[in-house]
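Each ligand, and each atom within it, is numbered from 1 in the order the structure gives.
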Amino acid sequence: MKIGPVRAHRRICPNPPLKAAAIAVPWTARARGHNLALMKHIAVLTSGGDAPGMNAAIRAVTRSALDEGMTVSGVLQGWQGLVDGQFRQLSARDVGGIIQVGGTFLGSARSAEFPEESGRSKALRNLAQRGIDGVVVIGGNGSQAGAYMLSQLGVHVVGIASTIDNDLFGTDITIGCDTAINVTLEAIDRLRTTGSSHNRAFLVETMGRDCGYLAIMAGLAGGAEVISIPEFEVSAGEIAQRLRAAFERGKTHAIVVIAEGVKENAAKILAYFDADKQRVGFELRATTLGHVVRGAPPSAFDRLLATRLGVNAVKALSNGETGVLVGYQKNEVTRTPLADIVGRTKPIDTELVELARILAK
Ligand code: F6P
C-alpha cells in the first residue's frame with residue numbers, strides 16, 4: 001500500500017518578543033579598544049528549561065575562568081536570581097562531582113521581571129555592586145534573547161547553546177539534545193519489545209512544544225513507523241492508515257513517535273483508534289515521556305560538548321568579545337553574534353522528514 005505524503009503544518013516557533021534596550025553596543029569590545037585586563041570577575045547563569053549537560057558547562061566555565069585568574073560567581077535561579085541579587089561565589093571544588101548530573105545545580109527560573117526596565121536596572125545594579133564585568137548565559141532561545149538584551153546594556157555577555165529542543169540558530173547542536181534523544185530512544189526500544197510480544201502499536205510522546213527535532217531524531221533512530229511533529233503533523237486518520245499498512249505487511253509491532261506540541265495529540269489519536277479499532281489491526285497504547293527526557297544524566301557527547309563550549313565562552317570573554325553565542329557548527333566551536341540569532345528558530349531539516357517516510361517500510 002502506498003504511504004501518503006506527510007501533511008505539512010509549517011509553524012514558526014514563537015520566541016519571546018525582543019524588547020531590546022536602545023543602547024547599541026558593538027559585538028566585540030576589542031573593536032572599541034576595551035582593556036582586556038579588566039575582565040576580573042564573571043558570573044554564570046542557567047536559564048529556561050534545564051538540559052542535561054548544563055552542570056558540565058558550569059563546571060567548564062568556572063574552572064577555565066579560575067585558570068585565567070578570574071573570580072566566578074554563580075547566579076542562582078537564572079534571570080530572576082540576577083534581578084534579586086542571588087549570587088554565590090564558585091570555587092573549583094564547588095563544581096566538583098557535577099559533570100555526570102543532569103539539570104543545573106544553580107537552578108533555573110523564568111523571569112517576568114528581567115524583560116521589564118525595572119528588572120533590568122536591578123540586574124545591572126547587582127552586577128555593578130559585585131564588580132562583575134562579564135556574564136555567561138547557558139540556555140536556549142529565550143535565554144539568549146535575554147543575553148542579547150543584557151549585552152545591549154553594555155555588559156559583556158556570552159551565550160552557550162543549551163536546550164533539549166536543538167532549535168537555536170548559530171549552532172548545529174545544543175547541549176542536552178543528545179541525551180534527550182537517547183532517553184526517548186531507550187523508551188522506544190523497550191516499547192517495541194513489549195509491542196512485539198502483544199502485537200500492539202505504541203505511541204510515544206516526547207518533549208517539544210514547538211519544535212520536533214527530538215521526536216524526529218529519536219523516531220528515526222528507533223525505526224518508528226510514523227513520526228508526527230509540530231512542523232509536519234500527521235493526522236490521526238493518516239496514522240491509522242500507516243499502521244494498518246504495517247499490520248498488513250506482517251509487522252508484529254509498530255511505533256508512532258509524536259512531539260508534545262502536535263495539535264492531534266496522544267488523547268485525540270487514542271480516541272480515533274478506539275473508534276477505528278477493528279480496521280487498524282493493532283491496538284494502540286500510549287506512553288508520555290514528558291520531563292523524564294530532560295532529567296537524565298548527560299551522555300558523553302553532551303558532557304564533552306558542554307566542556308568545549310564552556311571553555312570557549314570564557315576565552316571569548318577574556319578576548320573582549322560580547323554579544324555572541326558559542327555553538328558548534330561543522331565540527332567546530334563557533335561564535336555567532338546574538339543579534340543574528342535572537343528572534344529566530346532553526347527549522348527542521350525537511351530531508352529528515354522524508355527519510356522517516358521512506359524508511360518506514
Ligand atoms: O524547551 C525545552 C522544553 O523541554 C520543551 O521541549 C518543552 O516543550 C518545554 O521545555 C517544557 O517546559 P516546562 O518545563 O516549563 O513545562
Closest protein heavy atom (residue, atom, distance) for atom 13 (P) of ligand 1: His291 NE2, 3.7 Å
From Asp165, Asn166, Thr174 - option closest to atom 6 (O) of ligand 1 by heavy atom: Asp165
Minimum-distance protein heavy atom relative to atom 3 (C) of ligand 1: Arg294 NH1, 3.5 Å
For atom 9 (C) of ligand 1, the protein heavy atom that lies nearest, with its residue and separation: Arg209 NH2, 3.6 Å
Whether Phe282 and Phe247 hold their rings parallel, tilted or perpendicular, with breakpoints at 30° and 60°: perpendicular
Close approach, Gly140 and ligand 1, non-hydrogen under 4.0 angstrom: no
Top protein contact for atom 7 (C) of ligand 1, by heavy-atom distance: Glu260 OE2, 3.0 Å
Under 4.0 Å to a heavy atom of Arg110 - the qualifying atoms of ligand 1, by number: 12 (O), 15 (O)
Ligand 1 atoms in contact with Met207 (distance to a heavy atom under 4.0 Å): 4 (O), 6 (O), 11 (C)
cation_pi(Arg344, Phe169) dist<6.0 Å, angle<=45: yes
Close side-chain approach of Tyr328 and Asp172, heavy atoms under 4.5 Å: no
Side chains of Ser235 and Glu264, donor plus acceptor under 3.5 Å: no
Within reach of ligand 1, part of Leu214 (heavy-atom separation under 4.0 Å): neither
Side chains of Thr252 and Ser196, donor plus acceptor under 3.5 Å: yes
No-hydrogen, no-angle side-chain donor-acceptor test under 3.5 Å, Thr179 and Asp302: yes
Closest approach of Ala215 to Ile258 (non-hydrogen atoms, all atoms of both residues): CB-C, 4.2 Å
